[in-house]
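Have a look at the structure below before the remarks.
The chains referred to below are lettered A, B, ... by the order of the sequence lines, with proteins before strands, and numbering in each begins at 1. When reading the values below, keep in mind they use all heavy atoms of this one structure, side chains included, and skip hydrogens, waters and symmetry mates.
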4 protein chains.
Amino acid sequence: MSPKVSKAYKEEKRAIILEGALHCFTEKGFQATTIDDIVKHVGISKGAIYNYFASKEEMYIQMADDKMNAMLANSLEHFKSLPVAADQIRYMYDRFRKQPLAELRKWMAFHLEFMLYAARQPHLITRWDQYADKALVFMQGIMEAGRTSGEFRPDLDCAAASRLFWSLRDGLALQYMLSGEELDYLQRIDDMESMVFRYIAG
Amino acid sequence: MSPKVSKAYKEEKRAIILEGALHCFTEKGFQATTIDDIVKHVGISKGAIYNYFASKEEMYIQMADDKMNAMLANSLEHFKSLPVAADQIRYMYDRFRKQPLAELRKWMAFHLEFMLYAARQPHLITRWDQYADKALVFMQGIMEAGRTSGEFRPDLDCAAASRLFWSLRDGLALQYMLSGEELDYLQRIDDMESMVFRYIAG
Amino acid sequence: MSPKVSKAYKEEKRAIILEGALHCFTEKGFQATTIDDIVKHVGISKGAIYNYFASKEEMYIQMADDKMNAMLANSLEHFKSLPVAADQIRYMYDRFRKQPLAELRKWMAFHLEFMLYAARQPHLITRWDQYADKALVFMQGIMEAGRTSGEFRPDLDCAAASRLFWSLRDGLALQYMLSGEELDYLQRIDDMESMVFRYIAG
Amino acid sequence: MSPKVSKAYKEEKRAIILEGALHCFTEKGFQATTIDDIVKHVGISKGAIYNYFASKEEMYIQMADDKMNAMLANSLEHFKSLPVAADQIRYMYDRFRKQPLAELRKWMAFHLEFMLYAARQPHLITRWDQYADKALVFMQGIMEAGRTSGEFRPDLDCAAASRLFWSLRDGLALQYMLSGEELDYLQRIDDMESMVFRYIAG
DNA sequence: CATGAATGAGCTTTCATTCAT
DNA sequence: TATGAATGAAAGCTCATTCAT
């Protein structure tokens, strides 16, 4: 009766487009990427894209959304088997360590560019703040659990520590983007990890 | 054979244009800034700009050049009255501290955007590396002087320390851009300063 | 050999689509109305529409056709019980009077827009003339009947009078569209009616 | 020192573009006319048009503006040598009579289409009302002058008469567009003129 | 040197129509 | 027949750059 096509099909196609678009955005940047670039890379027609996304900017936004949500969902999934807060934080660092550096570089470029872009589009500033908040609240939750369970020191300012955690991560990634030295990067993750634990430990 | 206008006149005009362009670039971003924006802000004609710069990109590049050179020149100027290496480094931190935060934010945005832009333009990658190198060598020179004079520890890896210095600075500024907390920023500069001195001290 | 669905079903569906399309056309205009607008308003699929009409333009044309035929059919129906020509003409005026002004405005917009559209599409000019002719002949028929029966003056130029009748009607509706004064409108219908009767009366 | 180009040059070019655009608009209609059509017809580059008009719609609006203003200016110019109000009104009719019918048809098409278009664009409704008002006030002024001078009857409702004047004109032009009979048209102008004078005469 | 009108390739987005399911 | 995802040719508009004056 219909090519009404399964919801899964649409979801998959949306993902394919997003993947292709992400490739282009990280390769050339958001502003420099044209719809034709994406179309060519995904192997789809120009019009089809607009069946899935209202605009080029919307693709960009949803990409950031997806990225954030995937990170949270993935983490929460693993946390089921990690009841100890400290282990949860260690898991986060493992993720950083295991992330292929080429990937990191791409994501970092995406992250920075989106930040710069969103900061200048009044209608996106709120959205950006929401992302930051989500990540912040997420880590804050872990730390509060650790404080309650007695793993971390009782006077820990969880909000501040959470902010610190992400700031360090961003600073680290930025340094990597700037210097490009891969060995250093891994060493610095270790340093950062120990620094954070020294800060929050009981 | 003599030029129609003095070299000084040209130089001054060039500076005026660059200043206006910088304002626009930091305000709206490089790609989003149009020549018309600059023209309007500088109060000059569109054609005139092309007497001073071959292209919009060229303005961007020269701006980064000037910024870097100004920083170095300004520092070297002050260093004449600061024979002690440690004082020279302290002077660098004072500059960070004194820089108005709004300014910093603009410069950071400019810095990041240019980095992202340059990283994607093959013909700019080399140039970008030159900037990084200039800054690196500059700080490395200070540290070597300090090591020679006995201020710093004799086994100091000056190249690594220099790299660390700038990475920390960038990480810090990025954190500020992300969090926007002004008080934290100043506190962190202090932390960073003491961290560096602990690392290099004899 | 037999159709899968009854002819009545198709006819009904066709009418439903046309009704929805008409709503859209009068609301937004022909060119500004998209197939999606119609689809949304009718609650049918995009493909289905093309089972009933070959193109958007075809819908427009058939709509004008239907409108004209409905007007004639409706009139002829009533005329069965109105053997006197003058009564038939009075009936036409009553229809004008009873038509809700909002409706009139919509129809007038549709009428004008179709006229403008048809006048510029070579393949529609003939068709438009046919409409005009149908209406003309219709009224001419009434008048000739009245002349034959002695109701109207024997030297009446029925063709000219018919043309006058419709021109006045259009002029009146246009005036209403322009001025928007509702009270005036009803008064002017009366004036127009008496004017016409004075012209055709014996 | 400059191709700053005389104001007259710009004004002239603007007029040339407008003229070409008008040609296209009357030929194909506003919505069906593309910028490329205009560009081709005027012999100018696409971008150049946007130095003179902010958008296609803006051209349309200014065209209506110009048309209205030209009519008023031209009339006022001639009225200097026509102190008698009745003569001024007669002059208006002469203008109708002298206007080439092909021209009239084009203008009428433009007039109707603009009306339909403006009526559906919320931001243009006000503007349209202003045009109507300008014309209304203009004619009302003439009539008031005639009433004051005793040419017209002292109890004349000048506002109503002015409205009547323009409605009749529009109705007449519409009839012409519909019927296309040229001889009739001229005859009807005479009828209309006498009808109006009978209405306003003392 | 200064001016700013002109250029036109290139951009994002729209939408009537098709066709595999 | 019904569906709606896919198509792709336009469309309106932008803007870095050029060049006649």
Requested in this report: Could you pull out all residues at least two apart from A:Glu58 that satisfy salt bridge (Lys or Arg N to Asp or Glu O under 4.0 Å)?
Outcome: none
Report task. List in chain and number order the residues that pass side chain to side chain donor-acceptor pair (under 3.5 Å) with A:Asp129, two or more places apart in sequence or in another chain; answer none if no residue qualifies. Result -> none
Report task. Report the distance from atom NZ of A:Lys10 to atom C1' of F:dT3, rounded to the nearest whole Å. Result -> 12 Å
Query - Residue list, side chain to side chain donor-acceptor pair (under 3.5 Å) with D:Thr34, at least two apart or on another chain - result: D:Asp37
Report summary line: Taken in chain and number order and not counting sequence neighbours, the residues that satisfy ring pair (Phe, Tyr, Trp, His ring centres under 6.0 Å) with C:Tyr131 are none
Query raised in the report: Can you name the residues that form a ring pair (Phe, Tyr, Trp, His ring centres under 6.0 Å) with D:Tyr52, not counting sequence neighbours?
Result: none
Report task. May I have the distance from B:Glu58 (atom CD) to F:dT18 (atom P), rounded to whole angstrom? Result -> 13 Å
Distance-only criterion, 3.5 Å: show the donor-acceptor pairs between side-chain atoms of residues 40-49 of chain C and protein atoms not counting sequence neighbours.
from: C:His41; atom 1: NE2; to: C:His23; atom 2: NE2; distance (Å): 3.4
from: C:Ser45; atom 1: OG; to: C:Ala48; atom 2: N; distance (Å): 3.1
from: C:Lys46; atom 1: NZ; to: C:Asp36; atom 2: OD1; distance (Å): 3.3
from: C:Lys46; atom 1: NZ; to: C:Asp36; atom 2: OD2; distance (Å): 3.4

Report summary line: Paired runs of 3 or more consecutive Watson-Crick or G-U pairs involving DNA chain F, with both pairing distances under 3.5 Å, are E:2-21 with F:2-21
Query raised in the report: Between A:Lys56 and B:Lys13, who's closer to the 5' end of DNA chain E by nearest nucleotide?
Result: B:Lys13
Report summary line: Contact check, residues 20-31 of chain B vs DNA chain F, heavy-atom distance under 4.0 Å, returns none
Query raised in the report: Which residues pass the side chain to side chain donor-acceptor pair (under 3.5 Å) test with B:Lys13, sequence neighbours left out?
Result: B:Tyr9
Query raised in the report: Going by number, which of residues 33-55 of chain D have a non-hydrogen atom under 4.0 Å from DNA chain F?
Result: D:Thr33, D:Thr34, D:Ile35, D:Lys46, D:Gly47, D:Tyr50, D:Ser55
Requested in this report: Please determine, by modelled atom types, if A:Gln121 and A:Tyr117 share a side-chain donor-acceptor pair under 3.5 angstrom.
Outcome: yes
Query raised in the report: In whole Å, what is the span from the CD1 atom of B:Ile17 to the P atom of F:dA16?
Result: 15 Å
Query - Length of the CE-C1' vector between D:Met59 and F:dC13, whole Å - result: 13 Å
Query - Listed partners of B:Phe53 passing ring pair (Phe, Tyr, Trp, His ring centres under 6.0 Å), at least two apart - result: none
Requested in this report: Starting from C1' on F:dC13, measure out to CD on D:Glu57 and report it in whole angstrom.
Outcome: 14 Å
Query raised in the report: Does B:Glu27 pair with B:Lys106 as a salt bridge, N-O distance under 4.0 Å?
Result: yes
Query - With sequence neighbours excluded, residues passing side chain to side chain donor-acceptor pair (under 3.5 Å) with A:Arg14 - result: A:Gln62, A:Asp66
Query raised in the report: To the nearest Å, how far apart are A:Tyr9 OH and E:dA20 P?
Result: 13 Å
